[in-house]
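Structure, as structure tokens:
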Amino acid sequence: MSGLAQLGIWNDPALHDALSWYLAVAENQRPAKFRIAATVATELDLSTCGEDALWTELERLTTIFLERWQTIREGAPLPPEADGPSLLELCRELAYRMLAHCNFCPWNCCVDRLAGAKVGACKLAAGSRVSSHFHHTGEELFYRGTDGSGTIFFTSCNMRCLFCQNGDISTDKDNGEETDPRTLATMAWTLRREGCHNINWVGGEVIIHLHSIVDAIALLGRDFVPTSAEIRRARRTKADGFFWFDEVSEAATYDGKFNAPILWNSNFFIAPEAMKILRVLTDVWLPDFKFGPGRCAITLARTPRYWETVTRDISLIAEWGEDFTIRHLVMPNHVECCTYPVLEWIADHIPAAPVNVMAQFHPDNFCDPASTKYRGKYAEIARRPTGAELENSWRRASELGLNFETASFERRGAFAGPALMEL
Ligand code: SF4
């Protein structure tokens, strides 16, 4: 048993219930979904099939996958991998087909990113760049555990949050190093063997890199072992490269082959087709839910259709019975228009979902008065939330009966007692 499973945070039964699949995969008691997908064979010749036929096949194989996933959850052994193409390779093929008329997210730019002559709202062609990858010790305790969350930070974004807390990578698409799927797989392979509890794909935003990530995951599901040149290449962006981590292959295997929970850490501005691919690859989801149903997503992030997209996508993972936790960042002057409606929607639709009501907003990017990028028109949000704004947010979450204290207050040890008493 790793340090993750021994943490007292799992004494919260709601959290344990919500993340039981993730924990079982992290502990290598169950195979990750990508390992199951590799067992679901397809008879199609993927490279010559039309895209419509590929989507029909995804639907058919997803049904088989879900039945298999259920039996494996209940303790059945993992069947042998498919000899030929499988659901894993089908997902990869579909991601690249989508890239040729990109509709990964609701911008639906329909640009051919493989050709690269035109780019869409994310400004990316087919390449993917990684800013850094490392053992992240700043995520929620159930993700960072004792050895860190194996986090891979991608550049650029499909939203324009003027306060972005990762503005250096979300607004600079050329940050970091160009990577290919084998280098990405090497990063994940190494982080997991070094003890990370999960592979945490994040940005910027990750959905705009769907093809690269799915390609890397497909490699990991098929006996991937990096070359020494690939390991050296991956290390160029390893932010904790000066630390020494013992590599233990058994810490990263199920039934003798590579295993790791896939954590999708995203703004959730994702198209439904992309969600269908992610469904059979993602073991645990970490959606951001920032803005209320009014115009704030437009004025603060220049993102239309935000509320309907994010509520639809969160509803989907809840209906699918997925493991997930939600993050909501409390923004100054946006408690009534954003925080309250977000919390109320969660209470109305998915009341058992673990929620992190986050206090760490700081003025950054275009609302940081100390930055040359600062714009005076964003003065309303150019400060930290007040104590009253945070207190009101947590009090509303409490009144609504949300499952938020463990995720929001774990650094205070508040899950051992009633957190709001401390306010
Ligand atoms: S990922 Fe989204 S923003 Fe980027 S090209 Fe595709 S549809 Fe447009």
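Predicted, not measured: the structure shown is a model, and the values here were computed from it. All residue numbers in this chain count up from 1 along the given sequence.
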Do any N or O atoms from the side chain of [X] and from the backbone of [Y] form a donor-acceptor pair under 3.5 angstrom?
{"X": "Asp147", "Y": "His197", "value": "no"}
{"X": "Arg222", "Y": "Leu220", "value": "no"}
{"X": "His328", "Y": "Phe289", "value": "yes"}
{"X": "Thr151", "Y": "Ser149", "value": "yes"}
{"X": "Trp264", "Y": "Arg279", "value": "no"}
{"X": "Asp240", "Y": "Phe243", "value": "no"}
{"X": "Asn267", "Y": "Phe269", "value": "yes"}
{"X": "Arg35", "Y": "Tyr254", "value": "yes"}
{"X": "Glu389", "Y": "Met331", "value": "no"}
{"X": "Arg68", "Y": "Ile36", "value": "no"}

How long is the span from the [atom1] atom in [X] to the [atom2] atom in [Y], to the nearest 0.5 Å?
{"X": "Cys161", "Y": "Asp364", "atom1": "SG", "atom2": "CG", "answer": "11.5 Å"}
{"X": "Cys91", "Y": "Ile217", "atom1": "SG", "atom2": "CD1", "answer": "9.0 Å"}
{"X": "Phe324", "Y": "Leu286", "atom1": "CZ", "atom2": "CG", "answer": "11.0 Å"}
{"X": "Ile277", "Y": "Leu94", "atom1": "CD1", "atom2": "CG", "answer": "5.0 Å"}
{"X": "His101", "Y": "Leu99", "atom1": "NE2", "atom2": "CG", "answer": "9.0 Å"}
{"X": "Thr56", "Y": "Leu61", "atom1": "OG1", "atom2": "CG", "answer": "11.0 Å"}

Just jot down the salt bridge (charged side-chain N to carboxylate O under 4.0 Å, His left out) partners of Glu247, sequence neighbours excluded, or say none.
->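 For Glu247, the residues satisfying salt bridge (charged side-chain N to carboxylate O under 4.0 Å, His left out) (neighbours in sequence not counted) are Arg193.
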
For [X] versus [Y], what's the shortest heavy-atom pair and its separation?
{"X": "Trp394", "Y": "Ser408", "answer": "NE1-CB, 4.3 Å"}
{"X": "Ala239", "Y": "Ser132", "answer": "CB-CB, 4.1 Å"}
{"X": "Cys196", "Y": "His135", "answer": "SG-ND1, 3.3 Å"}
{"X": "Leu4", "Y": "Ala26", "answer": "CD2-CB, 3.7 Å"}
{"X": "Asn365", "Y": "Gly167", "answer": "OD1-CA, 3.9 Å"}
{"X": "Asn265", "Y": "Val206", "answer": "O-CG2, 3.5 Å"}

List in chain and number order the residues that pass ring pair (Phe, Tyr, Trp, His ring centres under 6.0 Å) with [X], two or more places apart in sequence or in another chain; answer none if no residue qualifies.
{"X": "His349", "result": "Trp345"}
{"X": "Phe34", "result": "none"}
{"X": "His136", "result": "Phe134"}
{"X": "Phe163", "result": "Phe361"}

Is any side-chain heavy atom of Arg192 closer than 4.5 Å to a side-chain heavy atom of Pro261?
-> yes

Does anything in residues 128-145 pair up under salt bridge (charged side-chain N to carboxylate O under 4.0 Å, His left out), and if so which pairs, sequence neighbours excluded?
->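 The answer is Arg129-Glu178, Glu139-Arg327, Glu140-Arg327, Arg144-Glu410.
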
Could you name each residue pair satisfying salt bridge (charged side-chain N to carboxylate O under 4.0 Å, His left out) that touches residues 257-270, not counting sequence neighbours?
-> Glu81-Lys257, Asp223-Lys257

Polar contact flag, side-chain donor to acceptor under 3.5 angstrom, [X]-[Y]:
{"X": "Asn175", "Y": "Thr155", "answer": "no"}
{"X": "Glu205", "Y": "Ser266", "answer": "yes"}
{"X": "Glu89", "Y": "Ser86", "answer": "yes"}
{"X": "Asp12", "Y": "Trp10", "answer": "no"}

Among residues at least two apart in sequence or on other chains, which ones pass side chain to side chain donor-acceptor pair (under 3.5 Å) with [X]?
{"X": "Tyr96", "result": "Asp215"}
{"X": "Trp21", "result": "Asp283"}
{"X": "His133", "result": "Thr237"}

Residue that, paired with Ile207, satisfies side chain to side chain contact (heavy atoms under 4.5 Å, CB included) out of Cys105, Cys122, Pro106 = Cys105

Identify whether the distance between the nearest side-chain nitrogen and carboxylate oxygen of [X] and [Y] falls below 4.0 Å.
{"X": "Glu51", "Y": "Arg97", "value": "no"}
{"X": "Arg233", "Y": "Asp180", "value": "yes"}
{"X": "Glu273", "Y": "Lys276", "value": "no"}

Identify which one of Tyr143, Trp285, Phe142 satisfies the ring-ring contact (aromatic ring centres under 6.0 Å, His included) criterion when paired with Tyr22.
-> Tyr143

More than 12 heavy atoms of other groups within 6.0 Å of Arg73 CZ =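 More than 12 heavy atoms, drawn from other residues, nucleotides or ligands, come within 6.0 Å of this atom.
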
Within 6.0 angstrom of Gln6 CD, more than 12 heavy atoms from elsewhere =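 It does: Gln6 CD has more than 12 such atoms within range.
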
Sort and list the pairs that fulfil side chain to side chain donor-acceptor pair (under 3.5 Å) and have at least one residue in residues 298-314, not counting sequence neighbours.
->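 Residue pairs with at least one partner in residues 298-314: there are none.
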
If a pair satisfies side chain to side chain donor-acceptor pair (under 3.5 Å) and one of its residues is in residues 102-128, list it, with sequence neighbours excluded.
->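 Every side chain to side chain donor-acceptor pair (under 3.5 Å) pair that includes a residue of residues 102-128, provided the two are not neighbours, is Ser128-His209, Ser128-Ser212.
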
